[in-house]
Amino acid sequence: MTVRTRFAPSPTGYLHIGGARTALFCYLYARKHGGQFILRIEDTDLERSTAESVNAILEGMTWLGLDYDEGPFFQTQRFDRYNQVIDELLAKGLAYRCDCPKERLEKLRIDQMARKQKPRYDGHCRNRRVDPDRPHVIRFKNPVDGVVVVDDLIRGRVPFANEELDDLIIRRSDGAPTYNLSVVVDDLDMRITHVIRGDDHLNNTPRQINILRALGADPPHYAHVPMILGEDGTRLSKRHGAVSVIAYREMGYLPEALLNYLVRLGWSYGDRELFTLDEMIEYFDIKDVNKAPSIFNASKLTWLNQQYLQHADPARIARLLSPHLGHLGIDPSTGPELIEVVKAMAPRAKTLVELAELSAFCYRDFDSYDEASAKKHLGPEARLPLERLRAAFELMALDDWTPEQLKYTVERVAEELGLGLARVAQPLRVAIVGRAASPGIEETLRLVGKTATLRRIERALEYIASLSAG
RNA sequence: GCUCUCUUCGUCUAGUGGUCAGGACGCUGGCCUCUCACGCCGGUAACAGGGGUUCGAAUCCCCUAGAGAGCGCCA
């Protein structure tokens with residue numbers, strides 16, 4: 001039997017970090033076994049489901065590169081099928097109509113809580129005849145005794161006593177089927193072999209198995225992956241900052257970095273930290289996933305992103321960087337070749353956003369000097385080196401404005417003045433970049449270009465003069 | 001409250017009866033060096049607690065504590 005997994009988010013928000021990891025695990029497991037990965041949108045909650053959320057989820061999946069073989073399927077388009085199954089259950093006496101008013105249910109719950117019992121439906125309508133023409137819901141007749149065992153690929157054997165379960169609603173009074181029913185029917189119809197999903201569904205699983213059995217089907221394999229928690233150890237939510245996958249794209253993260261981070265959350269392969277998607281597929285096994293929840297650690301993600309930024313194809317990074325430069329009001333076509341800028345700057349940036357900021361000096365004059373850098377390198381003693389550099393640069397032909405010539409020129413000026421290279425290169429760097437950090441000085445000069453270099457040296461000289469005057 | 005689940009450095013993890021408890025991120029000392037980043041060498045820091053079983057326990061059993069999830073006409 002070929003492996004078939006599915007990712008089944010409900011479109012009530014963006015694709016979040018936890019969902020993305022579940023999707024990744026489903027994807028990897030299917031790919032590893034040469035099976036199929038299916039996307040299903042669980043939108044039976046008409047109240048909260050939105051088209052925007054569907055788009056956001058699709059966008060997230062596409063960005064991450066988690067391509068699915070079938071779908072997206074929408075549960076709202078399968079209501080007829082669910083109702084057919086519900087009617088079948090009804091006809092076979094495996095489900096029943098219930099018209100218990102909400103007040104009764106509410107009172108029941110309060111009484112049970114008061115008696116320190118788990119709130120459960122008491123089966124009041126199990127053997128009553130409820131008029132089909134009056135408002136009612138359909139409940140599944142859960143077995144009253146015995147044990148359901150969830151044989152989980154990650155948790156192991158988890159037995160549940162049927163007496164802990166109650167007769168859950170499978171069709172609402174408005175005729176819409178509920179989650180537990182539609183999931184079961186879909187997984188069955190879509191021939192899902194491995195249900196890989198969040199930990200929060202473990203308690204639902206025995207109910208679903210019971211429905212499956214009532215339908216005469218064998219349950220699929222289950223794997224419940226632990227949750228991802230925020231820095232404070234509570235369930236990841238908006239107040240922990242960015243939780244949507246798309247937010248990470250906006251913050252300048254690479255999809256492969258996010259994927260790499262996510263796969264290592266709850267899973268490992270020896271001491272290995274870096275994985276390409278193909279390597280993940282090769283090494284991943286759902287059985288190796290940890291049982292304990294893990295805390296989302298942004299600094300490790302950032303480190304991974306830097307690793308990928310360092311080794312990614314410059315042409316691709318250039319493409320991804322353009323919009324971020326745009327946000328800063330920079331048009332890359334107005335300056336040095338973007339790909340050259342990327343080659344020089346990308347290894348020093350942690351995100352695309354940072355890369356854009358660090359690269360801005362190549363395209364426009366900076367606003368002001370970094371205070372500490374100016375204080376350290378643009379004192380009176382910087383005047384002479386800068387003047388000599390200006391003179392030397394002025395004499396250079398545009399054709400000679402190459403890293404080799406520039407390096408030679410800077411070194412020569414230092415030599416002539418009997419200064420260490422740092423005493424010359426650093427003032428120059430602050431003069432043309434605005435701060436004391438940049439690629440090698442010759443590379444920096446080349447990117448800035450002759451005109452801007454001379455203009456900025458002039459500015460630095462004025463700055464130095466203003467210090468002694470002021 | 002009830003049911004289920006989980007528990008190794010701050011964080012992600014390796015470990016499946018005998019290890020100086022390993023790696024990674026972070027933090028940190030140093031080297032490299034025109035600066036930054038990278039890289040390299042080093043440091044920091046953990047078996048939740050208590051009982052057993054065993055010659056020997058992070059590893060097996062029990063209890064306690066803490067954490068998470070579920071208990072909806074949400075998914």
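Both backbone and side-chain heavy atoms feed into the values below; hydrogens, waters and symmetry mates do not. Reminder, nothing fancy here: chain letters follow the sequence lines and each chain counts from 1.
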Residues from residues 304-313 of chain A lying under 4.0 Å of RNA chain B - heavy atoms: A:Gln306, A:Gln307, A:Gln310
Distance-only donor-acceptor test, A:Asn204 side-chain atoms vs B:rA75 base atoms, 3.5 Å: yes
Sugar-phosphate only, base, or nothing, as touched by A:Val158 at under 4.0 Å among non-hydrogen atoms: sugar-phosphate
Could you list, one pair per line, each protein nitrogen or oxygen that sits under 3.5 Å from a nitrogen or oxygen of nucleotides 30-35 of chain B, together with the distance?
from, atom 1, to, atom 2, distance (Å)
B:rC34, O2, A:Arg429, NH1, 3.0
B:rC34, O2, A:Arg429, NH2, 3.0
B:rC34, N3, A:Ile441, N, 3.2
B:rC34, N4, A:Glu442, OE1, 3.2
B:rU35, O4', A:Gln426, OE1, 3.0
B:rU35, O4', A:Gln426, NE2, 3.0
B:rU35, O2', A:Ala436, O, 2.2
B:rU35, N1, A:Arg429, NH1, 3.3
B:rU35, O2, A:Arg429, NE, 3.3
B:rU35, O2, A:Ser438, N, 2.8
B:rU35, O2, A:Ser438, O, 2.9
B:rU35, N3, A:Arg429, NH2, 3.2
B:rU35, N3, A:Ser438, O, 2.5
B:rU35, O4, A:Gly440, N, 3.3

Atom-to-atom span, CH2 of A:Trp267 to P of B:rG15 - whole angstrom: 12 Å
Sugar-phosphate, base or nothing in reach of A:Thr44, heavy atoms under 4.0 Å: sugar-phosphate
N/O (side chain, A:Asn180) to phosphate O (OP1/OP2, B:rG72) under 4.0 Å: no
Whole-Å gap separating C1' (B:rC2) and CD (A:Gln112): 10 Å
Reading 5' to 3' through nucleotides 43-48 of chain B, protein heavy-atom contacts under 4.0 Å coded B for base, S for sugar-phosphate only, - for none: ------
Touch class at under 4.0 angstrom, heavy-atom based, for A:His377 against every strand present: nothing
Close N or O pairs between protein and nucleotides 61-66 of chain B (under 3.5 Å):
none

Euclidean distance for C1', B:rA75 against B:rA69 (whole angstrom): 14 Å
Partner residues of A:Arg120 under the salt bridge (charged side-chain N to carboxylate O under 4.0 Å, His left out) criterion, sequence neighbours left out: none
Between B:rC12 and B:rA46 - P atom distance, rounded Å: 16 Å
Proximity to RNA chain B (any heavy atom under 4.0 Å), residues of residues 143-154 of chain A only: none
